[in-house]
Trainee: 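Pasting a structure here, questions to come.
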Amino acid sequence: MKVTYLGHSCILVDTGKHQLIIDPFLTGNPSAAVAADDIQVDYVLLTHGHSDHIADAESIARRNNAPILAIVELADYFAGTGLQTVGMNLGGSRTFPFGKLKWVPALHSSSVNHNGVNVYLGVAAGILLDIDGTAIYHAGDTALFSDMKLVSSRGPVDLAFLPIGDHFTMGPEDALTAAEWIGAKHVVPVHYNTFDAIAQDGEQFVADLARIGITGHALKPGDSLDNF
Ligand code: NI
Ligand code: MN
């Protein structure tokens, strides 16, 4: 299995058999590693409706004939545009051809801006994947909350993507606590340095993780990890 950081919160997961993209925000993202038109995937997973997570969801899903997997209200929004979707909700899991997907809580909001008006579309979520026994957690956008201790109560998380940008999500200090509570073996910081408001030092965060015994990877957009 290989995961590739495409910038901001966007992750490409290559299971060897299937390709998944999480939170595609490439068009309009100054740090994007690739163009949305070059993405080839089987599934599009969305943590919540904010534009920096769904900007390219519709075009990628349509061109690839790939279903959108999301919390039910956000899924229904895309179903309304004629796309295939699987709407689920918090605590719910389902086994797909690529592995098991579970929607877990995130402390954030979820809306789509429609003609200048914010339309709220259910809750924000995190994603827990179990692919061939490897647990991957994408926290989405979130504040620190103590129920993160329960995200993977049945076993350790092999790889966690945690926002560190502050301002809209938790910052590096809270993300360190989150990494500890989750019991993550490997952590990749995301949702930082895309814009001035979320400027952070990824290498410093990784050094701080090392001090509490967790392996961090400050991936640059386009970098991959295949050993975790
Ligand atoms: Ni957001
Ligand atoms: Mn965001």
Side-chain angles (χ1 to χ4, degrees), residues 3-13 20-34 36 39 44-61 68-78 87-90 103-128 136-145 147-148 151 160-175 178-179 182 187-202 205 218-221:
V3 300
T4 305
Y5 180 50
L6 297 182
H8 202 58
S9 271
C10 183
I11 307 295
L12 193 69
V13 180
L20 289 56
I21 195 165
I22 302 174
D23 286 1
F25 169 45
L26 303 166
T27 306
N29 174 357
S31 72
V34 292
I39 297 290
V44 178
L45 286 63
L46 305 175
T47 60
H48 65 294
H50 291 157
S51 58
D52 58 320
H53 298 258
I54 68 159
D56 297 301
E58 185 176 344
S59 70
I60 290 172
I68 288 185
L69 315 184
I71 291 293
V72 65
E73 290 85 357
L74 183 57
D76 285 351
Y77 171 83
F78 285 107
M88 295 174 64
N89 219 323
L90 295 180
W103 294 98
V104 295
L107 206 53
H108 194 68
S109 57
S110 181
S111 62
V112 173
N113 193 286
H114 198 76
N115 300 328
V117 177
N118 283 317
V119 178
Y120 280 81
L121 293 171
V123 296
I127 290 168
L128 188 63
I136 300 176
Y137 170 53
H138 188 301
D141 281 2
T142 188
L144 178 68
F145 60 104
D147 280 2
M148 280 179 167
V151 159
F161 295 96
L162 301 179
I164 67 161
D166 220 337
H167 195 104
F168 300 108
T169 66
M170 57 187 178
E173 207 170 302
D174 283 352
I182 292 155
V187 171
V188 172
V190 299
H191 211 274
Y192 72 106
N193 287 356
T194 320
F195 312 110
D196 289 346
I198 55 173
Q200 297 294 343
D201 186 339
F205 178 68
L219 300 182
K220 306 243 179 326

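Whatever order the structure lists them in is the order used to number ligands and atoms, beginning at 1.
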Trainee: Counting no waters, what protein N/O/S atoms lie under 2.8 Å from the Ni ion (ligand 1)?
Mentor: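 Correct list: His48 NE2, His50 ND1, His108 NE2, Asp141 OD2.
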
Trainee: Identify, with sequence neighbours excluded, every residue that meets ring pair (Phe, Tyr, Trp, His ring centres under 6.0 Å) alongside Phe205.
Mentor: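 Ring pair (Phe, Tyr, Trp, His ring centres under 6.0 Å) list for Phe205, sorted by chain: empty.
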
Trainee: Could you tally the protein N/O/S atoms lying less than 2.8 Å away from the Mn ion (ligand 2)?
Mentor: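 For the Mn ion (ligand 2), the figure is 4.
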
Trainee: On a heavy-atom basis, which atom in Thr194 and which in His8 lie closest, and how many Å separate them?
Mentor: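 Taking Thr194 first and His8 second, the nearest heavy atoms are OG1-ND1, 2.6 Å.
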
Trainee: I want to check something: taking the side chain as every heavy atom from C-beta on, are Asp166 and Asp174 in contact at a cut-off of under 4.5 Å?
Mentor: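 They are not in contact (no side-chain heavy atoms under 4.5 Å apart), so the answer is no.
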
Trainee: By ring pair (Phe, Tyr, Trp, His ring centres under 6.0 Å), which residues pair with Tyr120, not counting sequence neighbours?
Mentor: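 Ring pair (Phe, Tyr, Trp, His ring centres under 6.0 Å) list for Tyr120, sorted by chain: empty.
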
Trainee: Measure the shortest side-chain to side-chain distance between Leu90 and Val123 over non-hydrogen atoms and say whether it is less than 4.5 angstrom.
Mentor: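 When only atoms from C-beta onward are counted, Val123 and Leu90 do touch, with a gap below 4.5 Å.
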
Trainee: Are the side chains of Phe78 and Ile54 in contact, using a 4.5 Å heavy-atom criterion?
Mentor: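 Sidechains of Phe78 and Ile54: in contact.
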
Trainee: In terms of relative ring orientation, are Phe25 and Phe195 parallel, tilted or perpendicular, with 30° and 60° separating the classes?
Mentor: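 Taking Phe195 first and then Phe25, their aromatic rings sit tilted (interplane angle of 30° to 60°).
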
Trainee: Does the side chain of Ile39 reach to within under 4.5 Å of the side chain of Leu6, using non-hydrogen atoms?
Mentor: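 The answer is yes; the side chains approach within 4.5 Å.
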
Trainee: Should the ring pair His114 and Tyr77 be called parallel, tilted or perpendicular, given that the plane angle runs from 0 to 90° and is split at 30 and 60?
Mentor: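 It falls in the perpendicular class, over 60°.
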
